[in-house]
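Scroll down for the structure; my scribbles are underneath it.
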Amino acid sequence: MRATLDLGAAPSLGSLYAKGLGAGVKGWLPGRKSPQLVLPDVEHRVTALRPERDSLVAYQRLMGDTVREELPSVLVHGLAFPVAMSVMVRDDFPLPLLGMVHLSNAVEHLRPISPDATLDVSAHAENLREHRVGTQLDIVSEVREEGELIWRGTSTYLARGVWLGQKQASGAAVREPFVAPTRTGSWGLDAGTGRAYAAVMGDYNPIHLSALSAKALGMKRAIAHGMYLAGRALAGAAPHGAGYTWSVEFATPVFLPSSVDVAFTDSGNGTEFSGWGARSGKPHFTGVVTAL
Amino acid sequence: MTAQSETPAIRQAVIIGGNRIPFARSNGAYANASNQDMFTAAIDGLVARFGLQGQRLGAVAGGAVLKHSKDFNLVRECVLGSSLSPETPAYDVQMACATGMEAIGSLANKIKLGQIDSAIGGGVDTTSDAPIAVSEPLRLMLLELTRARSTGAKLKAMSKFRPSFLAPNAPGTGEPRTGLSMGNHQALTTKAWNITREAQDELALASHKNLAAAYDRHFFDDLITPFAGVSRDTNLRGDSTIEKLASLKPAFGKNLGEDATMTAGNSTPLTDGASVVLLGSEDYAMANDLPMLANFVDFEAAAVDFVHGAEGLLMAPAYAVARMLKRNNLTLQDFDYYEIHEAFAGTVLSTLAAWEDAEFCKNKLGLDAPLGAIDRSKLNVNGSSLAAGHPFAATGGRIVATLAKMLHEKGSGRGLISVCAAGGQGVVAILEAR
């Protein structure tokens, strides 16, 4: 039985990042094998969260969505994210936050969520497993309204160079060459895209903010936030007035500024989407939205 | 039990005549003219031609695609500034490039229902007097300046400034939901229908030749009023050649590489201009001793889902024509003239290809047999938008007036109009000679 830690109020992301980065300098070195690579068996919880209407509108404007009386799925993710982060910066969390790669998300948005809802958020880590270049795990966040589960998101992260057991002898990834589909749209992402997302979501991760702050963390330029890309895709594909599931997988980062070609394809009750570099032709993300 | 009110009998709406000012390439001859200036000039030319001074018409409707917020009552202001009676009601219509067609068609319906006896419909657009946006090079320069960390880098960024950066940016024709320009959308459709560069250039050349020939035989003498020292469409290149057109580099769909076929020559340029059409009941025309060029028989709008790529942005007219033909019990071949707006040569050729395609007609239009081919010698016989230019909302009025006159000259037969529009829309219409 997983223990529950009630955090009281939602922690601030700024202090969580500071803690995560601090832990990073404390001695995490690539290639190090933890003596105890075990996930903490605990669930962090914050109750009675209220979304802010101003940030809802700001989010909808940022994503080019219509202002309407429903919480977008990525905004719910943003509400839950500090709770998820608080799990990842625990002292007994076995992987370094610094340099962790966001691989994918799978979300069940079980029914429309009112902007006036009072939400309880819980998060835990699970499914620690091998990856070709390291170790991956899932952070599962659950959102409830009056006890009813209404949103469940699984975010998968990778810690490169951290191994569960013996370092894998696998060679380079066997990737099928990416062939861009016929584009149905084009996103012009300017250099301020990361800052605009941070301002709306309160998520000031330095790798998204500016070329300089990203360079400090080893990136050649600022990269677009994965949830910004997912939010843009959902603004163009998520159903309204109904529940839905969606997932997204990230392939290569979108360095800012960037022109991203996108394709949306409707099939049955779902929409597949993908994005790739207009100039580089490199795949950035693929995903699917399906109405429930 | 209440008796049902009697519906007035449907009567004919006739096209009496039209008037436009010559179309001028953007930032050229009409650089200092506003939408209000141009639309008023078009109305006043029409008023002078048909002796409507001081008349109270049933309605004047029209619009512009690119509009200043101060032009919230554009058409009414134009009427007040014209020599029509100030008691003539007026209203604005906006349906992207189908604005003119929607305005004229709706007015025809009012006439048919007996609500009004006379009307002027049309449209106007200027991309020269549009709200100014920062030019793309200036935007890029400012971005570089933002990224520059050192004074040296900042100076280097600023040194790229050129006076031309201050020129107003040509208003974008980007679709808000996809971020792709209209040309880049059409490039996808052009490729999907395997339309060749050669076929597009040939259509463009024919447009210029046909428009030039129409001017030479004074066809437009009673359809155009000179404006700002211009008496012919300034985009017209009667001496263009297939070689010149073939030498142009692709302007749209450049990401398609070898398959990029759309150039500035086979795409319409940004243009300024205005057009109007005078409509009336038969009684109105006869009572005022006015000509009757053609009946406005019917019109139909369609829209397609281009956002997720189910259909090409500018393919809606292909659907609208199928529905309108069925309603009127006509085939695609039952026409003497076809006026298919040349937003891009690729648009016309993709539409024609779709109508000939059995699979498209079955799966998309729900038809047992394809609509079939048309006699290409009946297509845009007096030129179209590739030569004349395309001031978005003004194109419908240009086409209706031109086709009505052609049908009247012929004395019999029908004409089909097809106009595509932004947002995946289109309006089509049938005119009939009188």
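Not measured: the values here are computed from a predicted model.
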**Message:** Less than 4.5 Å to any heavy atom of chain B: does that hold for the side chain of R279(A), its backbone, both, or neither?
**Reply:** neither
**Message:** Checking the side chain of H308(B) only, and the main-chain atoms of A237(A) only, is there a donor and an acceptor separated by less than 3.5 Å?
**Reply:** no
**Complete:** Rounded to the nearest 0.5 angstrom, the CG-CZ distance for L256(A) and R147(B) is 10.0 Å
**Message:** Looking at every heavy atom in both L180(B) and S186(A), which two are closest together, and how far apart are they?
**Reply:** CD2-CB, 3.5 Å
**Message:** Just checking R61(A): does its CZ atom have more than 12 heavy atoms from other residues, nucleotides or ligands closer to it than 6.0 angstrom?
**Reply:** no
**Asked** How far apart are the C-alpha atoms of D261(A) and N255(B), what are their side-chain angles, what is the distance that settles it, and do they pass the side chain to side chain contact (heavy atoms under 4.5 Å, CB included) test?
**Response** CA-CA 10 Å; D261(A) 276 350; N255(B) 63 320; 4.3 Å; yes
**Item:** N363(B), CG atom: more than 12 neighbouring heavy atoms under 6.0 Å
**Value:** yes
**Request:** Specify the closest pair of heavy atoms between D266(A) and D305(B), including all atoms of both residues, with the distance to one decimal.
**Result:** OD2-OD2, 3.8 Å
**Request:** Check whether more than 12 heavy atoms from other residues, nucleotides or ligands sit under 6.0 Å from atom CZ of R111(A), and answer yes or no.
**Result:** yes
**Request:** Counting only heavy atoms closer than 4.5 Å, note whether T265(A) contacts chain B via side chain, backbone, both or neither.
**Result:** backbone
**Message:** Show the nearest heavy-atom pair for residues R183(A) and L188(B), with the distance to one decimal.
**Reply:** O-CD1, 3.2 Å
**Fill in**
Assert top hit (heavy-atom pairs under 4.5 Å, partner chain A, pool T178(B), L313(B), T146(B)) equals T178(B)
**Asked** If you draw a 6.0 Å radius around CD in E249(A), do more than 12 non-hydrogen atoms from other residues or ligands fall strictly inside?
**Response** no
